[in-house]
Colleague: 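Sending over a structure as structure tokens; questions will come in a sec.
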Amino acid sequence: MTALTKEKPFYITTPIYYVNAKPHLGHAYTTIAADVARRYHAMKNVPTYFLTGTDEHGDKIAEAAKNEQMSPKEYADRISSLFKDLWPQLDIRNDDFIRTTDERHKNVVAQVLSNIYEKGDIYYSEYEGLYCVGCERFYQERELVDGKCPDHLKEPQRIKESNYFFKMSAYQDWLIDHINQHPDFIRPKQYRNEVLSFLKEPLEDLCISRPKTRLTWGITLPFDDKFVTYVWFDALLNYVSALGFPDDEKFRTFWPHVQHIIAKDILKTHAIYWPTMLKAAGIPLFQSLNVHGFWNMGDSKMSKSLGNVANPLTLKDTYGVDAYRFFLMRDMVFGLDSNFSEESIIQRINTDLANDLGNLFSRVLAMSFKYFDGRVPESDPHVEEEFDLSLEKEAMDAVDDYSESMDTFAFHKGLAAVFKFISRMNKFIDEKAPWDLAKDPALKPRLQAVMVNLLEGLRLVSGLLYPIMPGTSKTMQTHLGVDADPDYYLLEHVRAWKQLVPGSELKKIKALFPRIEVKESKQPEPVQVTGLKPELKPEITFDDFSKLDLRTATVIHAEAIPKAEKLLKVTVDMGEGRERTIVAGISKSYSPEELIGKQVILVANLKPVKLMGQLSEGMILAASDKKGFVVASFDTKVKAGTPVK
RNA sequence: GGCGAUGUAGCUCAGUCGGUUAGAGCAUGCGGCUCAUAUCCGCAGUGUCCUUGGUUCAAUUCCGAGCAUCGCUACCA
């Protein structure tokens, strides 16, 4: 066997999950991937550390808590525990679970902020802004209408608002350079390119504070107690705070070797904010950012806001944790989006797990009992060589391909390598036909060789599957008469050929993975029966509704706005003695000519806003899906300005 | 609108640094075996390799344009 290269400690993280939503499939995938990566690296006999946790500060949490009449902390406790309690059920073994409300975390955030502040990379900006007292907010010049706040029609005051900014822009060139020099810094490649392309535009400095007058649920800035830390400076630092930055032994051992796993929606924060923050703080950078895609459910994207989430618990209960983990790791090409359906899970289970692996396992064990009384036979190497009965070469190839893929987070490829070997074993049985060898006592040495190679192959497979299917791995080893202690999973040991001891006892098995019989119904059962998409919004009162002033209006003119992709400038008559201009994003579905003369429904009391330099005084109601728009209209002519309710 | 990616068998995708029969898995059809979970093995397919110009002796592969889809971004009130 080849000597394994000396491997470094391995530290793997998932993002910390925001506690404004319950765990869903996306969270489960990320965390399982991290668990798989960690278990795989543990097989290399290096120290490993696996961190996950929850992100708990911010407006949304404070609001959500208020709605439930709880304190923010109570609310965060509740959701956080949903995550924390879920992971063991998915056979995920994280070493730590960090919460941004932990004292240890808050201390580190304060410490790092002080650090960067003293270094001069955080500055207090007294930028002048146009502030409307009525709105309690700042306006950009372009948002104003005739120099006035579109809402209150008053000129905003030019005042100084104070906030703290991180000099992210100072690190732009350095970051581009770093990414270019480290091909594995962001992977797969498509995301690396995306980041580099984003960095072609000038980077802006990052606002890292919120005045406490606006937000209190956060970590107070160490150098100004009138402010709390805003979002990313809080959340991202969990990766170091959990290790006991800066002095803890864990930090020294693991930090330099950190691998992050994220979904593509938080690419920018992790690929741009995070490295520049680390650089500014004088902390070594992470090794790689490993970016995966989304699970699509039927047509719509997995997302918190759509609410069409698959409950990981339900699925693992239906199909078993191992099969569930296997499906997620095997079916998604790491980095790309995948489609999720119950049908595809069933197909994976039946073809790969039941037919190929499970049946192979059964037939090999059954023959071992039939021909050798349930004991591992002895094999003569000369016989193996003379009759070409060794699987060693293929087995070694499988381990090599597997390792190469697993090292780069290409879990799907790693599994494909294992299953290629499994197929090879099924074919091997067919070629060597042990049942024929068994008929002639003179052929017994050959029969022994065949069976030993198969049993060895299965032992090896059981080891390689350990990171993905720890339970199955153990079951297989138990039946192969192997004492499944942790050492047995060392890659070195797994790879070593001929580990089974002749004469040791095997155990019978019924079915490693029973086939799932699908009912003959033509229509596969939908995974989610959640009704409306997107989901219904929260209930409102009649009073809420009454705030809307809907009116009929007639389109008298419409034109496309130059350079705008979707916007039409629509002039309407609402019977108020003047014309109104509406900017509507419907040009993909309507040409200007089609609209002229049409009666539409207008949200007439909507706050005016400037779009593409055009003032829009209302909104035209239309049915909309991703294919386009259908403007709401009437079947009889109505006087312009008539209220609609 | 800008930048980028993708478009290959019914499905999911690989591949072709330009060159005679374009691949894998799943699904389909046929054949074989019987140790096994009606499992396994073999064979058979089917493709205008998005469209259209160009370069070339030769393009699915290179270049240009177009269409479609997706991502980021800019303006979807």
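Naming convention: chains lettered A, B, ... in sequence-line order (proteins, then strands); numbering from 1 in each chain.
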Colleague: At under 4.0 Å between heavy atoms, what does Leu360(A) touch on the DNA or RNA strands: base, sugar-phosphate, or nothing?
Modeller: nothing
Colleague: Does Thr276(A) have any side-chain hydrogen bond (donor to acceptor under 3.5 Å, both in side chains) partners at least two apart in sequence or in another chain, and if so, which?
Modeller: none
Colleague: Give every residue pair that meets the salt bridge (Lys or Arg N to Asp or Glu O under 4.0 Å) criterion with at least one member in residues 182-198 of chain A, sequence neighbours excluded.
Modeller: Asp184(A)-Arg187(A)
Colleague: Would you please test Phe513(A) and Phe326(A) for ring pair (Phe, Tyr, Trp, His ring centres under 6.0 Å) and show each step?
Modeller: CA-CA 12 Å; Phe513(A) 290 98; Phe326(A) 173 78; 7.9 Å; no
Colleague: Need to verify one output field. Residue with the more 5' nearest nucleotide on RNA chain B, Lys268(A) or Ala354(A)?
Modeller: Ala354(A)
Colleague: Measure from CZ on Arg515(A) to P on rA36(B) and round the result to the nearest Å.
Modeller: 17 Å
Colleague: Let me know the distance between CE of Met425(A) and C1' of rC40(B), rounded to the nearest Å.
Modeller: 13 Å
Colleague: Using the C1' atom as the point on both nucleotides, what is the distance between rC26(B) and rG45(B), in whole Å?
Modeller: 16 Å
Colleague: Using a cutoff of under 3.5 Å, can you pull out all pairs of nitrogen or oxygen atoms linking the protein to nucleotides 43-45 of chain B, with atom names and distances?
Modeller:
none

Colleague: Can you measure Ile422(A) atom CD1 to rC41(B) atom C1' for me and round it to whole angstrom units?
Modeller: 16 Å
Colleague: Using the C1' atoms only, state how far rG71(B) lies from rU28(B), rounded to an integer number of Å.
Modeller: 35 Å
Colleague: Determine the interatomic distance between P on rG31(B) and the same-named atom on rA36(B); round to the nearest Å.
Modeller: 24 Å
Colleague: Quote, to the nearest angstrom, the C1' distance that separates rC3(B) from rG15(B).
Modeller: 28 Å
Colleague: In a table with atom names and distances, give each donor-acceptor pair under 3.5 Å that connects a side chain of residues 351-361 of chain A to protein atoms at least two apart or in another chain.
Modeller:
| from | atom 1 | to | atom 2 | distance (Å) |
| --- | --- | --- | --- | --- |
| Thr351(A) | OG1 | Gln347(A) | O | 2.8 |
| Asp352(A) | OD2 | Arg348(A) | NH1 | 2.8 |
| Asn355(A) | OD1 | Arg515(A) | NH1 | 2.7 |
| Asn355(A) | ND2 | Asn350(A) | O | 3.3 |

Colleague: Under the side chain to side chain contact (heavy atoms under 4.5 Å, CB included) rule, collect the residues that match up with Asp397(A), sequence neighbours excluded.
Modeller: Lys393(A)
Colleague: Would you find a donor on one side and an acceptor on the other, under 3.5 Å apart, between the side chain of His412(A) and the backbone of Asp331(A)?
Modeller: no
Colleague: Can you tell me the distance, in whole Å, between the NZ atom of Lys510(A) and the P atom of rU37(B)?
Modeller: 12 Å
Colleague: If you pin Ser423(A) and Phe513(A) to their nearest nucleotides in RNA chain B, which one's is more 5'?
Modeller: Phe513(A)
Colleague: Applying a 3.5 Å limit to both distances, which nucleotide forms a Watson-Crick or G-U wobble pair with rU21(B)?
Modeller: none
Colleague: For nucleotides 31-35 of chain B, print each protein N/O atom paired with a nucleotide N/O atom at under 3.5 Å, atom names and distance only.
Modeller:
| from | atom 1 | to | atom 2 | distance (Å) |
| --- | --- | --- | --- | --- |
| rC35(B) | O2 | Arg363(A) | NE | 3.0 |
| rC35(B) | N3 | Arg363(A) | NE | 3.3 |
| rC35(B) | N3 | Arg363(A) | NH2 | 2.6 |
| rC35(B) | N4 | Arg363(A) | NH2 | 3.1 |

Colleague: What I want to find out is whether Arg459(A) reaches Glu456(A) closely enough, with some N-O distance under 4.0 Å, to be called a salt bridge.
Modeller: yes
Colleague: Please state the P separation for the pair rU8(B) and rU52(B) - nearest whole angstrom.
Modeller: 16 Å
Colleague: Under a 3.5 Å cut-off for both distances, is rU34(B) Watson-Crick or wobble paired, and to whom?
Modeller: none
Colleague: Is the charged tip of Lys508(A) near the ring of Phe369(A): under 6.0 Å from the six-membered ring centre and within 45° of its axis?
Modeller: yes
Colleague: His182(A): which residues meet the ring pair (Phe, Tyr, Trp, His ring centres under 6.0 Å) condition with it, sequence neighbours left out?
Modeller: His178(A)
Colleague: Please determine whether a side-chain nitrogen of the Lys or Arg among Asp322(A) and Arg325(A) lies less than 4.0 Å from a carboxylate oxygen of the Asp or Glu.
Modeller: no
Colleague: Across all strands shown, which nucleotide pairs with rA5(B) by Watson-Crick or G-U wobble geometry, both distances under 3.5 Å?
Modeller: rU69(B)
Colleague: Mind calculating the distance between CZ (Phe361(A)) and P (rA36(B)) to the nearest angstrom?
Modeller: 15 Å
Colleague: Give a yes or no on this: more than 12 heavy atoms of other residues, nucleotides or ligands lie within 6.0 Å of atom CD of Glu378(A).
Modeller: no
Colleague: To the nearest Å, give me how far apart CG (Asp337(A)) and C1' (rC72(B)) are.
Modeller: 14 Å
Colleague: Give a yes-or-no answer on whether the side chains of Thr552(A) and Gln599(A) include a donor-acceptor pair shorter than 3.5 Å.
Modeller: no
Colleague: Looking only at atom C1', what distance separates rU6(B) and rG66(B), rounded to whole Å?
Modeller: 16 Å
Colleague: Quick one: are the ring centres of Phe327(A) and Trp295(A) less than 6.0 Å apart?
Modeller: yes
Colleague: Using the C1' atom on both, measure rU56(B) against rU61(B) and round to a whole Å.
Modeller: 13 Å
Colleague: I need a per-nucleotide contact map over nucleotides 24-30 of chain B, read 5' to 3'. Cutoff is protein heavy atoms under 4.0 Å; write B for the base, S for backbone only, - otherwise.
Modeller: --SS---
Colleague: Rounded to whole angstroms, how far apart are CZ on Phe198(A) and C1' on rA74(B)?
Modeller: 12 Å
Colleague: Return the set of residues passing ring pair (Phe, Tyr, Trp, His ring centres under 6.0 Å) with Phe409(A) (not counting sequence neighbours), or none when no residue passes.
Modeller: Phe411(A)
Colleague: Of the listed nucleotides (rU37(B), rG42(B), rG71(B)), which one gets closest to any side-chain atom of Glu194(A)?
Modeller: rG71(B)
Colleague: Between protein and nucleotides 3-12 of chain B, map the contacts as a letter string: B base, S sugar-phosphate only, - none, heavy atoms under 4.0 Å, written 5' to 3'.
Modeller: ----------
Colleague: Under the rule for ring pair (Phe, Tyr, Trp, His ring centres under 6.0 Å), what residues qualify as partners of His270(A), not counting sequence neighbours?
Modeller: Tyr239(A)
Colleague: Could you let me know what rU46(B) is paired to, Watson-Crick or G-U wobble, both distances under 3.5 Å, or none if it's on its own?
Modeller: none
Colleague: Applying the Watson-Crick and G-U wobble criteria at under 3.5 Å, what pairs with rA74(B)? Answer none if nothing qualifies.
Modeller: none
Colleague: Could you tell me which nucleotide pairs with rG64(B) by Watson-Crick or G-U wobble geometry, both distances under 3.5 Å, or answer none if nothing does?
Modeller: rU52(B)
Colleague: Expressed in angstrom and rounded to an integer, what is the separation of Leu357(A) atom CG from rU39(B) atom C1'?
Modeller: 13 Å
Colleague: Considering Watson-Crick and G-U wobble pairs with both distances under 3.5 Å, what does rC26(B) pair with?
Modeller: rG10(B)
Colleague: On a whole-Å scale, what distance lies between the C1' atoms belonging to rU60(B) and rA22(B)?
Modeller: 8 Å
Colleague: Excluding sequence neighbours, so at least two apart, what forms ring pair (Phe, Tyr, Trp, His ring centres under 6.0 Å) with Tyr319(A)?
Modeller: none
